[in-house]
Colleague: 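Before I ask anything, here is the structure I am working with.
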Amino acid sequence: MRVGVAQVPGIAVFRTIAAIVTAAFLALLFCIASPAQAATNHIRASLLAEKPAKPGETVMLALLMQPDKGWHGYWQNPGDAGLPPELEWTLPAGAKVGPMQFPVPQTLLVAGLMNHVYEHEFAVLIPFTLPADATPGTTLPLSAKASWLACTDAVCVPEDAVLAGTVTVGDGPADARFAGWRAALPAPLDRTGTFTATKEGWRLAIPFPAGAKVDKPHFFVSAEGIVDYAAPQVFRRRDDLLIVDLPRSKSASAEQATTLAGVLALGGDAGGISLVAKAGPVPDEGTPIEGSAAPAGTFTFAALWLAILGALAGGLVLNVMPCVFPILSLKALALARGNAEKAHHEALAYTAGVVLACLGLGAAMLGLRAAGEQVGWAFQLQDPSVVAVLLLLAVAITANFAGLFELPGLSLERGAGSMGAFGTGLLAAFVATPCTGPFMAAAMGAALVLPAWAALAVFAALGVGLALPFLLLGFIPPLRRLLPRPGAWMNTFRRVMAVPMALTVLALGWLAWRLGGASYALFALALAIALVAVLAIAGRMQKQGKPVARWAAPAGVALAALALVVTPRLAAERARGEESLIGAKPFSAAALAQARATGKPVFLYFTADWCLSCKVNEGVAIETDATHDAFAKAGVQVLMGDWTRRDPAITAFLETQGAAGVPLYLWYPAGAAAPQKLPQVLGPETLAGLASTKS
């Protein structure tokens, strides 16, 4: 039986009959064409036991399938065509077998039909429980009549064999191959997903940490007749959820699904996770994942125009953000002060600077993503050196607005001509990156799934939206006449505009601290103070009519160079130091034995990047200052097992603890023979309390 979704009566039977008839017909043609090969199976099957076992114990069996080159077998739900392996058992009295456990499959699209296959050797694992009255030292015979379908891209052949195996009653070494076969199974997800019916199919929400990587994912539904296998699956991220739209099969109805079970393949060699979803709310929005299918209709000019309009609106809204509005205001007031005769030249130059900066940032982002980096808009803010330089830039603008010195491009007099306006446009676009506004998320998300040329058009539209107010002021004189008349109030307004820019400085300082820690943030602050001193001296000399560019510009460049060279090293040291706040070391059986031999308490925990409960517990209870201090005082030894990708050693240890997955938290009191299993949801004081008792 397959679990997951109720099926339309007759659909499964019809599909099975159709598959058998098709396979038989193809097999007949194949036998006519190649009669000499009819008796030879193209997938060799064998039945193996992992190790001896005691009476009543459960041991794992493996149905090992070894296809010839160019041939493939099928997953439990074969997709649009094919048949999975089936077994008819002959077992000793009192013995029983459990359900077959399949490894993560692959997709194979042939002539518009999507198949779920294995184009390599694979093992289906089956739990086998020995009779409770089995006699130690004896050998239990096993037998199974196996049938399966072996296919190439052009032909399918139904194959069968009678497989024999044995299980020894007693103790003995394990077959080392089983560790690799277990690692190929999907890891069980620790939480239940939700799904809801949509007009086109089903929308599924899978708990999945925002920081965990996924590359070209695919969701394999366990039940047949539910989804259109060959239709694109649309994946999006929203916070700690992975959202996937699954197109409905033509034979399925919106009311038939009660639960949805399957396997999420994470792409590449990252394996997969198995999960069950129940009916419940699913968010509509999210950021599309590059490498997954694009929404239905992948690229249309209508979708492109919507993205362009969204980018225009998003860029326009950025003008009222605290990092852009002061710059725009001062440029506008410069036009009102008497620079109207060349207003259109400055407007075009300013627009060119803004659009060029947006195109440059967009092209860099697309290039990095094409190279395999997981980056998004404002990706440069993940670079410590860029944040430090941006902080210096924001400090310089704030000092300029506060009247500490004069920057020609932001002058309230007659500006600095077209070149000054161009530079100011570059500046405005670059300092806009710490800010985000409405409409931008959808537009930038759409750009990630559009062709490169279309994505660049969206980034250009963002620049045009950002430059649009100044562009309109430059070309429409009546708009300029609406601006307030020049006067002494303008200098006061300029100083008022230093406040939002100062807020931008604070925001960047906070980002520096979060990105690289205290040492990094303090060094960036020291550079900012040095820059303020340089600008103050330059401003005093400007008021005396003395030239300052010859020495002030090199001084500014030197400070920026220090930011580029030194701050990344400080941030890197901080990142390495904070890899584990509580000093967790990698788990191994030897490391655990060594830690327990110290006679001190040991905390052992198992986690995975895709385990949402794990990440919540780490943020709330494990990687905290309170836990660090309590562990340090009690001398607690900490070991961590990362099960993000299946690890045979971790899998075996989890089984010894009766755990099917993560999280698993074990506390070994000093000198105790057995660990204390902690709950899967930890409170902020759980670990600190255990350490304080030194139990």
Side-chain angles (χ1 to χ4, degrees), residues 305-359 397 400-403 406-432 435-440 443 457-501 504:
W305 280 114
L306 285 174
I308 287 176
L309 290 175
L312 274 170
L316 188 60
V317 172
L318 278 179
N319 284 285
V320 300
M321 295 297 173
C323 49
V324 179
F325 180 69
I327 298 174
L328 173 67
S329 301
L330 263 66
K331 292 302 295 181
L333 291 178
L335 291 181
R337 187 137 191 166
N339 198 34
E341 66 274 10
K342 295 184 179 179
H344 58 288
H345 293 160
E346 289 203 23
L348 287 174
Y350 177 85
T351 302
V354 172
V355 173
L356 182 62
C358 289
L359 282 173
I397 298 172
N400 174 259
F401 288 174
E406 289 297 328
L407 186 65
L410 293 176
S411 174
L412 270 177
E413 301 303 325
R414 297 182 60 86
S418 296
M419 288 305 297
F422 177 79
T424 306
L426 290 172
L427 175 67
F430 195 67
V431 300
C435 294
T436 184
F439 309 107
M440 279 190 61
V458 174
F459 293 122
L462 178 68
V464 172
L466 182 58
L468 189 57
F470 195 69
L471 190 64
L472 294 176
L473 286 171
F475 278 86
I476 304 177
L479 287 180
R480 293 198 299 274
R481 289 194 289 269
L482 293 176
L483 295 174
R485 293 185 178 182
W489 67 270
M490 295 175 67
N491 287 322
T492 303
F493 178 79
R494 171 180 173 176
R495 283 164 173 74
V496 170
M497 288 297 98
V499 175
M501 285 308 305
T504 302

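Only heavy atoms go into these numbers, but all of them, side chains included; no hydrogens, no water, no symmetry mates. No experiment lies behind these values; they were computed from the predicted model shown.
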Colleague: Search all heavy atoms of M497 against all heavy atoms of F401 and return the closest pair with its distance.
Modeller: O-CD1, 3.5 Å
Colleague: On a heavy-atom basis, which atom in G474 and which in A347 lie closest, and how many Å separate them?
Modeller: CA-CB, 3.8 Å
Colleague: To the nearest 0.5 angstrom, please state how far the CG atom of L479 sits from the CG atom of L472.
Modeller: 6.5 Å
Colleague: To the nearest 0.5 Å, tell me how far I308 CD1 sits from L462 CG.
Modeller: 11.5 Å
Colleague: Identify the heavy atoms of L312 and A461 that sit nearest to each other, and give their distance.
Modeller: CD2-O, 3.4 Å
Colleague: Could you state the interatomic distance from OH (Y350) to CG (L466), rounded to the nearest 0.5 Å?
Modeller: 5.5 Å
Colleague: On a heavy-atom basis, which atom in V458 and which in A311 lie closest, and how many Å separate them?
Modeller: O-CB, 3.4 Å
Colleague: To check you understand the geometry: which heavy-atom pair defines the closest contact between F422 and A352, and what is its length?
Modeller: CE1-C, 3.9 Å
Colleague: List the atom of V354, the atom of G463, and the distance in Å for their closest heavy-atom pair.
Modeller: CG1-O, 3.2 Å
